[in-house]
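Remember, it's a predicted structure, so these values are computed and weren't measured experimentally. Atoms considered below: every heavy atom in the structure, side chains included; atoms not considered: hydrogens, waters and symmetry mates.
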Amino acid sequence: MLQVNFIRQNKERILKGLATRNYKEDSSKLIDSIIEWDDARKETQTALDELLAKNKLFSKEIGGLFKQGKQEDANSLKQQVDANKVKIKALEGDMRDLKDKLDNGLLQIPNVPHDSVPAGNTDEDNEVYKEWTGALPNLGDKALPHWELAKKYNLIDFELGVKITGSGFPLFRGQGARLQRGLINFFLDEASKAGYEEIVPPLLVNEASARATGQLPDKEGQMYYVEKDDLYLIPTAEVPVTNVYRNVIVKEADFPIKLTGYTPCFRREAGSYGKDTKGLNRVHQFDKVEIVQIVHPEKSYAVLETMLDHVAGLLSKLELPYRILRLCGGDLGFTSALTFDFETYSAGQGRWLEVSSVSNFENFQSNRLKVRYKDANNKTQLAHTLNGSALALARIIATLLENHQTPDGIRIPKALQHYVGFDMIK
RNA sequence: GGAGGAGUGGCAGAGCGGUUGAAUGCACUAGUCUUGAAAACUAGCAUAGUGAAAGCUAUCGGGGGUUCGAAUCCCUCCUCCUCCGCCA
């Protein structure tokens, strides 16, 4: 969330950002309310502090009076303290109300989009940041979508997934399972080579973690929830991996902090239907390798570029045609300031599929996470956080199967061959 | 799941109702000394709110309570350790 002081000083900028995000209702009032609540909070705080200070002093005096045996003086002071306590109780109640209001208000304001973010409503308005310049694979009429290829070569059994769990939980087998495992290792090795520390995090997280990275309350319905233990199944490794640094003050010299992690991801995808959910296009459980960086605020946009390069390198090694989109305001995630999506061309479906999303959250996420560092003046400052998928498995497998299909089977790109242990799916 | 013990600053560890936001040691930072380093000595060294600042306030695992006053007493939850049970 945004800091109140930032909101105070940048009202116009925020309103402009909300317009870019295609927010219909006027948020001007909300911003004014937030500032009013914060003013009231400060005032109440000051009043409260004064009373507390008074009582503290009185209590010390009472202690002294008792020692001197001046019971009566002590007792009259006690009455004053008691009177103050009533006022304190009331002020404390006011404080709680104001903080609740303030927090709820702040949670409704999304991050301010970066200047380069185009205005727009839906994914149709996203800007093509880097077009694919090579030829798209032309496989003719014989090109099969991945769900048919998966069946033909016995790689994925969607029906068995339904039997065991339900729709959206594919079961990989044989060479399909090997491909899955090989890709995970390939992505992790590439991330390690790029200097990311590998993490194997918990797959269930508590409320505090889900809140800190912004999944709560914005995306509550998206997560599977284990009521009995009050835990959430992670929708992305971003949640546990970024939370490693929740409430941590890092040394400036430790920047950049680079973490990577492979995890399954669980998403309820409530309300999804139609062709988007066919095959591996949209599933409830998929595997993903995530890269996360925590960096100095001045460096975050340069770091974003290096993360784009990293993802682009992976796709090149997998010999997949891709393009990069700059998300428009309407498609931009709540917590993000700037997001680039990678799409690979899906030759069997004749469409582009999103396989990665790389974002700079600036200090929006770190404000909730409380990831900070000390600057040159020894002042505590919020760090910037970024993350990206490198990469999401299910859709990569989909495009890999579709693009590399040949009459003799499915060709495994060279970079991947020693990871999966074969060069052809037959 | 049952029984017992414990949670204090970056770490170790005192304090167990009253100038204690917290002794002491280690670590860390700066200075003195030194050709340089080490050692020694001196000083600094939690987070947050508020304020121009001095300061004031909150925080000794979380929450609640007793009291004029709580790190210290009570309740509750969480976590860790030991033993028993169960179990990859």
Side-chain angles (χ1 to χ4, degrees), chain A residues 1-9 34-106 200-212 216 226-232 240 243-255 257 264 294 363 365-383:
Chain A
M1 58 186 161
L2 296 174
Q3 300 177 99
V4 182
N5 281 340
F6 178 84
I7 293 175
R8 275 178 193 278
Q9 289 154 23
I34 285 175
I35 294 171
E36 275 169 36
W37 290 325
D38 192 50
D39 285 339
R41 193 204 100 244
K42 286 184 190 181
E43 233 171 84
T44 311
Q45 177 80 261
T46 308
L48 180 62
D49 284 357
E50 258 172 45
L51 282 173
L52 285 169
K54 243 187 223 168
N55 268 8
K56 220 172 157 176
L57 218 69
F58 283 156
S59 293
K60 273 180 196 165
E61 276 180 48
I62 290 170
L65 289 171
F66 270 126
K67 270 184 196 152
Q68 295 167 41
K70 295 181 179 168
Q71 294 277 350
E72 279 173 31
D73 294 347
N75 283 332
S76 76
L77 263 185
K78 269 196 203 182
Q79 283 176 0
Q80 288 192 51
V81 173
D82 279 336
N84 281 342
K85 277 216 279 195
V86 177
K87 293 183 202 161
I88 287 172
K89 271 258 159 66
L91 285 175
E92 279 174 344
D94 293 349
M95 277 295 280
R96 259 196 295 275
D97 289 349
L98 285 167
K99 274 189 181 161
D100 280 353
K101 275 188 200 162
L102 194 57
D103 280 345
N104 286 330
L106 288 172
V200 180
L203 305 181
L204 283 84
V205 294
N206 56 29
E207 194 194 319
S209 293
R211 200 165 282 282
L216 288 177
V226 184
E227 193 167 4
K228 194 160 186 180
D229 296 291
D230 197 17
L231 295 171
Y232 296 86
N243 267 282
V244 168
Y245 281 92
R246 165 152 54 92
N247 252 321
V248 172
I249 298 178
V250 300
K251 291 202 189 91
E252 206 173 340
D254 291 341
F255 284 144
I257 291 161
I294 298 171
N363 67 20
Q365 196 172 52
S366 59
N367 189 32
R368 268 202 238 182
L369 269 172
K370 297 279 174 277
V371 198
R372 292 156 296 172
Y373 69 97
K374 301 260 194 192
D375 67 13
N377 301 320
N378 212 31
K379 269 197 81 176
T380 315
Q381 305 283 359
L382 292 173

From [X] [atom1] over to [Y] [atom2], what is the distance, rounded to the nearest 0.5 angstrom?
X	Y	atom1	atom2	answer
A/Q80	A/E61	CD	CD	9.0 Å
A/I35	A/L102	CD1	CG	10.5 Å
A/L106	A/L2	CG	CG	7.5 Å
A/L65	A/K78	CG	NZ	11.0 Å
A/L231	A/L203	CG	CG	11.5 Å

Regarding A/L77, tell me which of base, sugar-phosphate or nothing describes its non-hydrogen contacts under 4.0 Å with the strands shown.
nothing
How is A/L48 classified with respect to the nucleic acid when contacts are heavy atoms under 4.0 Å: base, sugar-phosphate, or nothing?
nothing
Would you measure the distance from the [atom1] atom in [N] across to the matching atom in [M] and give it in whole Å?
N	M	atom1	result
B/U20	B/U72	C1'	11 Å
B/U47	B/G61	C1'	16 Å
B/C33	B/C26	P	23 Å
B/A22	B/C60	C1'	8 Å
B/G63	B/C78	C1'	10 Å
B/C11	B/G62	P	15 Å
B/G31	B/G69	P	48 Å
B/G4	B/U8	P	22 Å

Quick check: does any side chain N or O of [X] sit under 3.5 Å from a backbone N or O of [Y], one acting as donor and the other as acceptor?
X	Y	answer
A/N363	A/L382	no
A/T44	A/M95	no
A/N247	A/K370	no

Nucleic acid contacts - residues 82-90 of chain A versus RNA chain B, non-hydrogen atoms under 4.0 Å:
A/D82, A/K85
Please, which pairs that meet salt bridge (charged side-chain N to carboxylate O under 4.0 Å, His left out) have at least one residue in residues 39-53 of chain A, sequence neighbours excluded?
A/R8-A/D39, A/D38-A/R41
Could you summarise the pairing of RNA chain B as dot-bracket text, marking Watson-Crick and G-U pairs under 3.5 Å with ( ) or [ ] inside the strand and | across strands?
((((((((.[[[..)..(.....]]].(((((.......))))).(((((....))))).[[[[[..)....]]]]])))))))....
Please identify the 5'-most and 3'-most nucleotides of RNA chain B with any atom under 4.0 angstrom from a heavy atom of chain A.
B/G18 to B/G69
Sorted by position of nearest nucleotide on RNA chain B, 5' first, the leading residue of A/S59 and A/D38 is A/S59
Return the 5'-most residue of the pair A/R96, A/K60 with respect to RNA chain B, ranking by each residue's nearest nucleotide.
A/K60
In the structure I gave you, are the side-chain heavy atoms of A/N367 and A/F6 within less than 4.5 Å of one another anywhere?
no
Go through the structure and list residues passing salt bridge (charged side-chain N to carboxylate O under 4.0 Å, His left out) with A/R372, not counting sequence neighbours.
none
For A/E207, give me all partners under salt bridge (charged side-chain N to carboxylate O under 4.0 Å, His left out), at least two apart in sequence or on another chain.
A/R211
